[in-house]
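Please read these numbers as outputs of a predicted model, since none were measured by experiment. Labels below follow one simple rule: chain letters A, B, ... track the order of the sequence lines, proteins then strands, and each chain is numbered from 1. Any value given below was found using the heavy atoms of this structure, including those in side chains, with hydrogens, waters and symmetry copies removed.
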Number of protein chains: 2
Amino acid sequence: MDKLNVLLVDDHPIFLKGLVEVIQDEFHDFVIHSFSSPELAFDSAKSLKYNLAISDLDMPKMNGISLITELKILYPEILTILLTMHKEQDIMRSALVNGIDGYVLKDDVVDELVIAIEEVLKGNKYISELEVINEQDEQIEELKSLTKTELLVLKGISDNKTSKEIANDLFVSLKTIENHRNNISRKLRLKGSNSLLKFAINNKNLL
Amino acid sequence: MDKLNVLLVDDHPIFLKGLVEVIQDEFHDFVIHSFSSPELAFDSAKSLKYNLAISDLDMPKMNGISLITELKILYPEILTILLTMHKEQDIMRSALVNGIDGYVLKDDVVDELVIAIEEVLKGNKYISELEVINEQDEQIEELKSLTKTELLVLKGISDNKTSKEIANDLFVSLKTIENHRNNISRKLRLKGSNSLLKFAINNKNLL
DNA sequence: GCTAATATGAGTAAGACTACCTATTTTTTT
DNA sequence: AAAAAAATAGGTAGTCTTACTCATATTAGC
């Protein structure tokens, strides 16, 4: 097997170093060139033909998908793997649409990345398994089932308002707000003292 | 100079590998033991005395501050450096309150970590982006005026426990916990419905 | 040893939230 | 137009939290 030129890009220098180690340990026939920015990586790709590119998704200025799209224009046959913190399905799907061959979650174990590289080299696609959905994620899914008014109430709660204050804000009765609270709690499967308040504070960023 | 036992903890295996490389490259007299979870790290610390501990802040279950607090109980003279994505002031302040010696942002360049280690070994404190830290937020300052038991109660509240549950945990009367809550609220100048709960959740990372 | 701080526990009252109900009006969907 | 969903509001009971007061035993500091 010939030597393969491998392009490695991550803006976190320490992570990048770990990445080089992990990959070189496993694939002795790789000639790895690592870069801490997509711009430097792309510059290098202008003068050196790469067979495989492995890039972080979230980087300043140019993101991983843009970089890989550019690289594909230069070398249409280049194989590509994206590394990311995101486990969202739509980003993954978007990655595949953009001609990415592999998609690996950053906090997965080393084995996962190795398998991904092997599969991609064989010509297959590889996508990290979706994380098991936990309780919290389920609840966030349920957020979509809330009505406009319920979301308004939840927003009020997350803004440290009492039911009485929210009632005054919305010009309705305290009892109406209490009913909304109950309905929200039922939809989100929340039980017990102040569980709704806790949820609202912890998910303030979503509201 | 004697060999130094260094404990390294990060739940991202690839980053952890990079970390080992970077540190070993620079400090040849370090005997580095790396772990992917605070629990494993702490178990190891029970049978081996470490001189320096470098840990990620955000990890599942036990966080970096808790780990380092526990390690300090075992080895009061241990030097400690926290790695984190967060540049928030309150977390940094909390780190300092908890006796952490160094605080380095994960995406900083390698040199920064090396400098941090060198400074901490000299007995100095090292904090990334010093200028961010300034004394504001009186409430968080007032945290220092809380007694041990009051902090325990506050921790319980931030862990979503009711007064009744905390009372059971600590084998005291519900009334005692209610009194502690009142004393805490007075010290932190908190007033109104569930203000203590809101404070506890919002400052969970400090407790 | 004396004093202050801490931890413990109780009494009482009020306010807030939860957890069920039922019911009417308004809006949206089919 | 009929049916479904959403918003409104009230009842009742129970739990939890806040906000005071007071009291006592233990611990820590001077």
Side-chain angles (χ1 to χ4, degrees), chain A residues 135-136 138-139 141-204 206-207, chain B residues 73 76 97 138-139 141-204 207:
Chain A
E135 197 74 23
Q136 186 83 339
E138 256 175 52
Q139 282 171 348
E141 273 304 300
E142 309 282 9
L143 266 182
K144 293 174 191 160
S145 75
L146 299 185
T147 67
K148 269 172 263 177
T149 313
E150 285 167 347
L151 282 172
L152 261 180
V153 172
L154 197 48
K155 179 79 170 64
I157 297 171
S158 80
D159 286 340
N160 276 0
K161 288 178 181 163
T162 64
S163 294
K164 194 194 272 183
E165 289 170 329
I166 299 171
N168 283 331
D169 288 354
L170 302 182
F171 304 106
V172 295
S173 144
L174 168 63
K175 207 61 212 175
T176 301
I177 302 301
E178 286 182 337
N179 285 329
H180 284 313
R181 289 184 81 124
N182 263 292
N183 293 334
I184 297 168
S185 289
R186 194 169 352 92
K187 285 185 180 177
L188 300 181
R189 300 195 190 89
L190 295 168
K191 270 175 202 156
S193 86
N194 291 312
S195 52
L196 186 52
L197 174 64
K198 293 167 193 165
F199 176 85
I201 296 177
N202 284 321
N203 296 287
K204 197 174 166 61
L206 300 177
L207 305 175
Chain B
I73 295 171
V97 170
E138 301 94 25
Q139 273 178 348
E141 275 305 302
E142 308 282 8
L143 265 184
K144 292 177 193 159
S145 73
L146 299 185
T147 66
K148 267 171 268 179
T149 314
E150 286 167 347
L151 281 172
L152 261 180
V153 172
L154 197 48
K155 179 79 170 62
I157 297 171
S158 81
D159 285 341
N160 276 1
K161 288 178 182 164
T162 65
S163 296
K164 195 193 273 184
E165 290 170 330
I166 300 172
N168 283 331
D169 288 353
L170 303 182
F171 304 106
V172 295
S173 141
L174 167 64
K175 207 62 212 174
T176 300
I177 302 300
E178 288 180 337
N179 286 330
H180 283 312
R181 289 182 83 124
N182 264 290
N183 294 332
I184 296 168
S185 289
R186 196 168 351 91
K187 285 185 180 177
L188 299 181
R189 299 194 192 87
L190 294 169
K191 270 176 200 155
S193 87
N194 292 313
S195 52
L196 186 53
L197 175 63
K198 293 167 192 166
F199 176 85
I201 296 178
N202 284 322
N203 297 288
K204 196 175 166 57
L207 305 175

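- The side chain to side chain donor-acceptor pair (under 3.5 Å) check on N182(B) picks up nothing, with sequence neighbours excluded.
- Among residues two or more places apart in sequence or in another chain, the side chain to side chain donor-acceptor pair (under 3.5 Å) test is passed with T147(B) by E150(B).
- S185(B) has no side-chain polar atom (N or O) that falls below the 4.0 Å cut-off from OP1 or OP2 of dT18(D).
- Residues that satisfy the side chain to side chain donor-acceptor pair (under 3.5 Å) test with S163(A), not counting sequence neighbours, are R181(A).
- K164(A) meets the salt bridge (Lys or Arg N to Asp or Glu O under 4.0 Å) test with no other residue; sequence neighbours excluded.
- A distance of 8.0 Å separates CG in N179(A) from OG in S173(A), rounded to the nearest 0.5 Å.
- Between chain B and DNA chain C, the heavy-atom contact criterion of under 4.0 Å yields a 5' to 3' nucleotide range of dT6(C) to dC17(C).
- Looking at heavy-atom distances under 4.0 Å, T176(B) makes contact with a base.
- Axis orientation changes by 60° from one end of the helix from dG1(C)-dC30(D) to dT30(C)-dA1(D) to the other, with each end axis drawn from 5 pairs and the value rounded to 10°.
- Residues satisfying the salt bridge (Lys or Arg N to Asp or Glu O under 4.0 Å) test with K198(A), not counting sequence neighbours, are none.
- We find that NZ of K191(B) is positioned 11 Å from C1' of dA19(D), with the value rounded to whole Å.
- Annotation: of the two residues near DNA chain C, N182(A) and E150(B), the 5′-most nearest-nucleotide partner is E150(B).
- Across every non-hydrogen atom of N183(A) and R186(A), the tightest pair is OD1-NH2, 2.6 Å.
- L154(B) has its side chain within reach of L143(B): a pair of non-hydrogen atoms, C-beta onward, lies under 4.5 Å apart.
- For D159(A), the salt bridge (Lys or Arg N to Asp or Glu O under 4.0 Å) partners two or more places apart in sequence, or in a different chain, are K155(A), K204(A).
- Legend: salt bridge (Lys or Arg N to Asp or Glu O under 4.0 Å) pairs involving residues 169-178 of chain A, not counting sequence neighbours, sorted by first then second residue: K161(A)-D169(A), K175(A)-E178(A).
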Review point. Could you run down nucleotides 11-17 of chain D 5' to 3' and tag each one B, S or - for protein heavy-atom contact under 4.0 Å?
Key: BB---SB
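- The CD1 atom of I157(A) sits 10.0 Å away from atom CD1 of I201(A), with the distance rounded to the nearest 0.5 Å.
- Counting to the nearest Å, the P atom of dT8(D) and the CG atom of N183(A) are 11 Å from each other.
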